[in-house]
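Values in this document were obtained by computation on a predicted structure and should not be read as measured data. Just so you know, residue 1 is the first one in the sequence shown, and it goes up from there.
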Amino acid sequence: NGSGTLSARSARAGESLLDEEEFASVCTAVIGGTTKDLREGALQRLADTASTEGIAVARAALRDRSTNVRRRAAFTLASLGDTDSLDVFISWLNGENPESARIGAYAIGFLGDVRGAGALLGALARGFSPAIIGESLQALGPWVLGPLLDLIEIQPELAKRSSVTSLVQT
């Protein structure tokens with residue numbers, strides 16, 4: 001069926017796949033949905049339809065009481081290319097909450113904004129999970145190999161960790 005192809009092309013062209021009424025309904029569900037599943041589903045709908053006009057609403061969901069909704073909001077914003085959310089992702093990565101830190105690390109990689117590489121490398125130096133950091137660094141591309149090698153040179157103890165050396169070998 002060719003409608004999927006047309007929908008994908010429309011989304012890539014920046015045209016929302018939601019009509020005005022459906023868009024308003026989805027945004028209302030993101031902010032005022034009575035269950036976390038409803039809020040998560042509405043955020044996913046914004047991402048699936050490439051509704052960049054919903055970025056402001058998705059940003060508000062970064063403060064939701066549910067971790068799952070905050071995670072979905074972060075990935076929605078990353079998929080919509082909202083580079084203004086990078087600071088939030090970095091603050092989560094550098095924060096005290098381990099789950100928010102994981103979400104922040106993954107969201108930085110998913111967003112693909114190389115400005116987040118320094119925060120990822122800093123987290124690696126502090127002992128954050130090399131597996132998570134590795135996935136995010138790989139998503140940012142091969143240019144991060146140089147800064148990673150510089151970090152290992154500054155902190156040679158990192159080279160002794162197989163999980164870190166596997167990042168260089170990848």
TODO: Give the C-alpha distance, both sets of side-chain angles, the deciding distance and a yes or no for side-chain contact (heavy atoms from CB on, under 4.5 Å) between Leu111 and Leu77.
DONE: CA-CA 8 Å; Leu111 177 61; Leu77 289 164; over 6 Å; no
For [X], what residues pass the side-chain contact (heavy atoms from CB on, under 4.5 Å) criterion, not counting sequence neighbours?
{"X": "Ser91", "value": "none"}
{"X": "Asp150", "value": "none"}
{"X": "Arg102", "value": "Pro98, Glu99, Phe128, Ile132"}
{"X": "Asp87", "value": "none"}

Task: same_hphob_cluster(Val114, Phe89) at 4.5 Å side-chain heavy-atom cutoff - done: yes
Task: Ile154-Leu148 co-clustered via ILVMFWY side chain contacts under 4.5 Å - done: no
Could you go through residues 20-34 and list every donor-acceptor pair under 3.5 Å that involves a side-chain atom there, pairing it with any protein atom two or more places apart or in another chain?
unit_1 : atom_1 : unit_2 : atom_2 : d
Glu22  : OE2    : Arg45  : NE     : 3.2
Glu22  : OE2    : Arg45  : NH2    : 2.8
Thr28  : OG1    : Ala24  : O      : 2.9

Open item on the list: Which residues pass the salt bridge (charged side-chain N to carboxylate O under 4.0 Å, His left out) test with Arg70, not counting sequence neighbours?
Closed with: none
TODO: For residues 114-126, pull every pair meeting salt bridge (charged side-chain N to carboxylate O under 4.0 Å, His left out), keeping only residues two or more places apart or in separate chains.
DONE: Asp113-Arg115
Considering all heavy atoms of both residues, which atom of [X] and which atom of [Y] are nearest to each other, and what is their separation?
{"X": "Leu158", "Y": "Leu124", "answer": "CD2-O, 4.1 Å"}
{"X": "Leu46", "Y": "Leu18", "answer": "CD2-CD1, 4.4 Å"}
{"X": "Leu93", "Y": "Ala123", "answer": "CD1-CB, 3.8 Å"}
{"X": "Val144", "Y": "Gly141", "answer": "CG2-O, 3.2 Å"}
{"X": "Arg72", "Y": "Glu40", "answer": "CG-O, 3.5 Å"}
{"X": "Leu43", "Y": "Ala73", "answer": "CD1-N, 3.7 Å"}

TODO: Just jot down the side-chain hydrogen bond (donor to acceptor under 3.5 Å, both in side chains) partners of Asp37, sequence neighbours excluded, or say none.
DONE: none
Open item on the list: Going by side-chain hydrogen bond (donor to acceptor under 3.5 Å, both in side chains), name the residues that satisfy it together with Ser85, two or more places apart in sequence or in a different chain.
Closed with: Asp82
Looking at [X] and [Y], would you say the former's side chain and the latter's main chain have a donor-acceptor pair under 3.5 Å?
{"X": "Ser51", "Y": "Glu53", "result": "no"}
{"X": "Thr52", "Y": "Leu80", "result": "no"}
{"X": "Thr76", "Y": "Ala58", "result": "no"}

Open item on the list: Whether Asp64 and Lys36 form a salt bridge (side-chain N of Lys/Arg under 4.0 Å from carboxylate O of Asp/Glu) is what I want to check.
Closed with: no
- [ ] Quick one: which residue pairs count as a ring pair (Phe, Tyr, Trp, His ring centres under 6.0 Å) with a foot in residues 26-59, not counting sequence neighbours?
- [x] none
Task: Inter- and intrachain pairs under ring pair (Phe, Tyr, Trp, His ring centres under 6.0 Å), touching residues 34-55, at least two apart - done: none
Task: Set of residues satisfying ring pair (Phe, Tyr, Trp, His ring centres under 6.0 Å) with respect to Phe75, sequence neighbours excluded - done: Phe110
Open item on the list: Under the criterion side-chain contact (heavy atoms from CB on, under 4.5 Å), I'd like the reasoning laid out for Leu137 against Leu121: C-alpha separation, chi angles, the key distance, then a yes or no.
Closed with: CA-CA 8 Å; Leu137 288 173; Leu121 291 170; 3.9 Å; yes
Task: Any Leu120 side-chain heavy atom under 4.5 Å of Leu140 side chain - done: yes
